[in-house]
Amino acid sequence: MPNLVIFGETMVELSKATDELYKKGFAGDVHSVALYLKRAALDEQVKAYLMCACGQDLSGDQLIETLHEQNIQSDLALRHPERTIGLYMVNTDANGERSFDYWRSTSAAKETLELLEQQGNNKLLDLKPDVFFFSGITLAILSDESRAKLWPLLEQLRDQGCDILFDPNYRARLWNDNLDKARGEFEKAFKLSTTLLPSLEDVEMLFGISEFEAAANKLLELNPTATLLIKDGPNGMLYRDETEQFHLAVTPVKTVVDTTAAGDSFNGSFLAARAMGKDVRESLNFAAAIAAEVIQHRGAVIPLEPYNKARDAAL
Ligand code: ADP
């Protein structure tokens, strides 16, 4: 059975339940990837591990419980002895526009790789993951010292035959608007990964390139053997590996409600379909169908009923 490890920060999410009350959940870009991966795949088909960090406290216990409920493996949800999980609050203004306030600058997640090292990197390596997925948000929240620990770990995983997938998910704010710094770190990630999953917008913000072919050429300059999947919302995507290159159109959604987790649900669904043995085109079409459903609902995690309908229609 394929083992997939998804690495990044999961946070407590507070969102408005009523005018006066907030409800609490757990969320984050990679958490959505793991969640949609497990929604698509049965337990006996795929094992998904979320590699993240939380405190040795009640919130930490609740995160582990939530992962169990979501059928996500918690073996790599590492407990920090002093720090706790980060938090964000979703605010909605009078026009329905959403904004986010974060409390994450001292979160346990920043030291995930230190915690792993203390427990022994073999905790990860011995799982012999088939896939290791991380994002540019994962990169952004790590300190420089911590990020330096990531690169040799990726090399070790690659040497074990693990596919390394990277979605840059560029957020200027997380890099204090220091584009040069972000670009330098992303280039390292592009070179060490085997599959690159940027949106065209990421490539435009990082390198000033806004066309599929030119974006592919730029990424191949950095990593000539990479598999590429460049996404551009309703404008479809470009896929390229060592045997084929093609564009795939998607059916534009007429009424988009909220694009939160479009890319994350796409990535998780693509990973699941590939791990279940679907070919590339089938997997891309499945991922596009799920992402199209997700953006017709509010929030990152859509209700199960419409999800299952979309899944059954697309699989
Ligand atoms: P990100 O969320 O990473 O910016 P995109 O906006 O490119 O990523 O969206 C990811 C995927 O979601 C797309 O490849 C596409 O399949 C689907 N998608 C996004 N927006 C739309 C849309 N308006 N209509 C149909 N599908 C969409």
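Counting convention: from 1, in listed order, for ligands and their atoms alike.
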Chemist: Which heavy atom of the protein is the closest neighbour of atom 11 (C) of ligand 1, given with residue, atom name and distance?
Modeler: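 For this ligand atom, the closest protein heavy atom is Phe266 CD1, 3.9 Å.
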Chemist: How are the rings of Phe166 and Phe186 set to each other: parallel, tilted or perpendicular (split at 30° and 60°)?
Modeler: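 Geometry flag for Phe186 against Phe166: tilted rings.
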Chemist: For Ala291, counting its heavy atoms only, list the atoms of ligand 1 lying under 4.0 Å from any of them.
Modeler: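 Result: 12 (O), 17 (C).
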Chemist: Given Ile295, Leu284, Leu200, Val253, identify the one with the heavy atom nearest to atom 27 (C) of ligand 1.
Modeler: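 Ranked by closest heavy atom to atom 27 (C) of ligand 1, first place is Ile295.
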Chemist: Is it possible for you to check whether Arg39 lies under 6.0 Å from the centre of the six-membered ring of Tyr307, through NZ or CZ, and within 45° of that ring's axis?
Modeler: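 The answer is yes, since Arg39 meets both limits relative to Tyr307.
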Chemist: Report yes or no: does Thr251 have a heavy atom closer than 4.0 Å to ligand 1?
Modeler: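 Yes.
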Chemist: With rounding to the nearest 0.5 Å, note down the distance linking SG in Cys162 to CG in Leu157.
Modeler: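 The CG atom of Leu157 is 5.0 Å from SG of Cys162, to the nearest 0.5 Å.
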Chemist: Looking only at protein heavy atoms, identify the closest one to atom 3 (O) of ligand 1 and say how far it is in Å.
Modeler: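 The closest heavy atom on the protein side is Gly263 CA, 3.6 Å.
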Chemist: Determine the interplanar angle of the Phe7 and Phe132 rings, folded into 0 to 90°, and report it as parallel if under 30°, tilted if 30 to 60°, perpendicular if over 60°.
Modeler: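 Correct class here is tilted.
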Chemist: Which residue and non-hydrogen atom of the protein lie closest to atom 26 (N) of ligand 1, and at what distance in Å?
Modeler: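 Looking at atom 26 (N) of ligand 1, the protein heavy atom closest to it is Val250 CG2, 4.1 Å.
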Chemist: Quick check on contacts: which atoms of ligand 1 are under 4.0 angstrom from a heavy atom of Ala288?
Modeler: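 Answer, ordered by atom number: 16 (O).
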Chemist: Heavy-atom distance to atom 4 (O) of ligand 1: which of Ser199, Ala261, Ala262 wins?
Modeler: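 Considering heavy atoms of Ser199, Ala261, Ala262, the nearest to atom 4 (O) of ligand 1 sits in Ser199.
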Chemist: Taking the basic N atoms (NZ, or NE/NH1/NH2) and the acidic carboxylate oxygens, is any pair closer than 4.0 Å for Asp61 and Arg79?
Modeler: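 The answer is yes: the pair qualifies as a salt bridge.
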Chemist: Give the single entry among Gly233, Pro252, Pro168, Ala249 that approaches atom 18 (N) of ligand 1 most closely by any heavy atom.
Modeler: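 Among Gly233, Pro252, Pro168, Ala249, the closest heavy atom to atom 18 (N) of ligand 1 comes from Gly233.
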Chemist: If the threshold is 4.0 Å, N to carboxylate O, is there a salt bridge linking Lys24 and Glu13?
Modeler: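 Here Lys24 does not pair with Glu13 in a salt bridge, since their nearest N and O are not under 4.0 Å apart.
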Chemist: Where's the contact between Val256 and ligand 1, heavy-atom distance under 4.0 Å: side chain, backbone, both or neither?
Modeler: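 The part of Val256 near ligand 1 is the side chain, not the backbone.
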Chemist: Numbering the atoms of ligand 1 from 1, which are under 4.0 Å from a heavy atom of Lys231?
Modeler: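 Those atoms are 7 (O), 14 (O).
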Chemist: Between the side chains of Lys47 and Asp75, is the shortest nitrogen-to-carboxylate-oxygen separation below 4.0 Å, so that they form an ion pair?
Modeler: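 Lys47 and Asp75: not salt-bridged.
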Chemist: Are Phe26 and His31 an aromatic pair by the rule of ring centers under 6.0 Å?
Modeler: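 Between His31 and Phe26, which both carry aromatic rings, the centre distance is not below 6.0 Å.
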Chemist: So if I count the atoms of ligand 1 from 1 in the order they appear, which ones are less than 4.0 Å from some heavy atom of Asp232?
Modeler: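 In order of numbering, the contacting atoms are 7 (O).
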